[in-house]
Chemist: 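Encoded as structure tokens, here's the structure I'll be asking about.
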There are 2 protein chains.
Amino acid sequence: MGEQHRTRTPSGIELAWRAARTRGESGTGEARSGPRPALSLERIVAAAIGIADREGLAAVSLARVAAALGSATTSLYRHVRAKDDLVVLMRDAAAAPPSGPPPEAGHWRAALAAVAWQIHDLHRRHPWVLSVPASGPPSTPNELLWGERMLAALAHTALTPHDQLRAVTLIYGYAREQARLALDPVVAGAGADGARDYFGFLASVMTPDRYPRFCRLFADEANTGSIGHTAEDFQFGLDRILAGLAELDRDG
Amino acid sequence: MGEQHRTRTPSGIELAWRAARTRGESGTGEARSGPRPALSLERIVAAAIGIADREGLAAVSLARVAAALGSATTSLYRHVRAKDDLVVLMRDAAAAPPSGPPPEAGHWRAALAAVAWQIHDLHRRHPWVLSVPASGPPSTPNELLWGERMLAALAHTALTPHDQLRAVTLIYGYAREQARLALDPVVAGAGADGARDYFGFLASVMTPDRYPRFCRLFADEANTGSIGHTAEDFQFGLDRILAGLAELDRDG
DNA sequence: TATGGTGGCGAACGCCATTCGCCATTATGG
DNA sequence: CCATAATGGCGAATGGCGTTCGCCACCATA
């Protein structure tokens, strides 16, 4: 006792890294006293993710998670210091480990695009990740694995190491933000006709005096139909970013 | 009674547009019966933003807002259907109306960059906006004012109307996401040395077997120091995006 | 067999968003 | 000038939440 914590890093992130380290040594754990644990971090996180996938992050309460596991609410606090810790663990687990080995093959541009798409798909599979309030840069083991892959691709460019880091956050952020846009096109439920309602509502409420360009755009039906939730929409921004990086690669 | 709402748009956004329309006709309101209102939407939203600016979005409870206004908690429900409505109103108010008239002057690229910086600064002034859980594309009057300005700049390019829309969301999302990265460099409080702690912690926990590129990068002190919260970091991604758009402008 | 750390849990606390019904206030129509 | 009806503020109450505390059963170790 009496020893102060050296780092002031939020405990959830530390927990995630400790769990990732423990995951490697499968059965090598030393025998611990006390009753055989009925709960485990993995089981808790898995249950929480199950609820979040089905009903959204708002539905994830410690009571709900405990109920899903058949234990008491307060038992969770033996494995997690606070709910925020659990959310960080959930984020990390949702940033699933990429299935195969690093793609490596192909041009750096294609490799980056592939990773961007994977990150994008990941957020579409677990949309609640985007509901986690402001969480800063990627910090958990699995999140940084994506960064590592992008760095591998960027090593084939002339970008400085510093710029490589910036490119990583640029692409990661783009994939994330674009998934967020696709998430809730104002109308909560439906997908395709959700966008219809979105544009319909906006067109009905934007006046030409204040929003002349928007109104002119919406006058043409062809422009009202998608707002960032089609594959082409995602590819558009991705191509712009990659083109910008390519220019930097050429001109130094 | 009995009439169904035609649009399923979340009421908070509708409220924001109605309030924006009412804001124009200052004293023209028809006389309404009932006691003279002590509260108003503007006062409520202003009080809520004050709390959020000072203590973060988590500190904004209806009780706190009511206390700041000297009224009872339940009185707020006369002006707002639910807390979510209030949050949308707050978002819109925080997306402050740009001070002067549209810049208009200069190259389209410079104009876009100026708007991007303004959006970025806005989110740094009201960081809690980034804590609002997944809110979809810009939808409120003030948010779309920024889009309108960007469209004005993009009108000087050869981009198709559809691509102009995509470029708007691309830049808006970038400014937003970059502000989010700068928000919480893992360590909650400090700014400059917060990044130090961030890199220090990561370097202490990433192993060369799984994160070889990161480890090699962090071996050079020059690369550990900023992660997206300096002006140069923001400009980097912005320049990549604008270069990508310029290429599209040239090559069609 | 004693020991001491461990994990599950019941009870309780304070905060939250939200609903309901009561009441004072006020413009309007007669 | 009065009756009406709509309006806005508020007290009381409800159910859910995260979190703390203390008790107790468990079990490897000495």
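Computed over heavy atoms, backbone and side chain alike; hydrogens, waters and symmetry mates excluded. Order of the sequence lines fixes the chain letters, A, B, ..., with proteins taken first and strands second; residue numbering starts at 1 for each chain.
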Chemist: Within the structure, does a side-chain N or O atom of B:Ser71 lie under 4.0 Å from either OP1 or OP2 of D:dG9?
Modeler: no

Chemist: Whole-Å distance between D:dG18 P and A:Asp85 CG?
Modeler: 13 Å

Chemist: Without decimals, in angstroms, what is the distance between B:Leu69 CG and D:dC10 C1'?
Modeler: 15 Å

Chemist: Taking CG from A:Leu76 and C1' from D:dT20, how many angstroms apart are they, rounded to a whole number?
Modeler: 14 Å

Chemist: Could you work out, with side-chain hydrogen bond (donor to acceptor under 3.5 Å, both in side chains) as the rule, every residue matching A:Thr140, not counting sequence neighbours?
Modeler: A:Asp92, A:Glu143

Chemist: OP1, OP2 of D:dC10 versus side-chain N and O of B:Ser75: anything below 4.0 Å?
Modeler: yes

Chemist: Determine yes or no for a side-chain-to-main-chain donor-acceptor pair under 3.5 angstrom, with A:Trp17 supplying the side chain and A:Ser139 the backbone.
Modeler: yes

Chemist: Examine distances only and state if a side-chain atom of A:His123 and a backbone atom of A:Ile119 form a donor-acceptor pair shorter than 3.5 Å.
Modeler: yes

Chemist: Tell me if a side-chain donor or acceptor on A:Tyr174 pairs with a main-chain N or O of B:Glu177 at a distance below 3.5 Å.
Modeler: no

Chemist: Could you check how far CZ of A:Arg36 sits from C1' of C:dG7, rounded to whole Å?
Modeler: 13 Å

Chemist: Mind running a 4.0 Å heavy-atom check of residues 37-55 of chain B against DNA chain D and sending the residues that fall below it, in number order?
Modeler: B:Pro37, B:Ala38, B:Leu39

Chemist: Could I get the full list of side-chain hydrogen bond (donor to acceptor under 3.5 Å, both in side chains) partners for A:Asp121, not counting sequence neighbours?
Modeler: none

Chemist: Hey, could you give me each pair passing salt bridge (charged side-chain N to carboxylate O under 4.0 Å, His left out) that has a residue in residues 43-64 of chain B? Not counting sequence neighbours.
Modeler: B:Glu55-B:Arg64

Chemist: I need the B:Phe234 CZ to B:Leu181 CG distance, nearest 0.5 Å.
Modeler: 11.0 Å

Chemist: Go along nucleotides 12-20 of chain C 5' to 3' and tag each nucleotide: B for a protein heavy atom under 4.0 Å from its base, S when only backbone or sugar atoms are that close, - otherwise.
Modeler: ----SSBB-

Chemist: What pairs with B:Gln178 under side-chain hydrogen bond (donor to acceptor under 3.5 Å, both in side chains), at least two apart in sequence or on another chain?
Modeler: none

Chemist: B:His79 has an atom NE2; how far is it from atom P of D:dT7, in whole Å?
Modeler: 13 Å

Chemist: About how many Å separate CG of B:Leu41 and CG of B:Leu86, when rounded to the nearest 0.5 Å?
Modeler: 8.5 Å

Chemist: Taking atom P of D:dG8 as reference, at what distance in whole Å does atom CZ of B:Arg78 sit?
Modeler: 8 Å

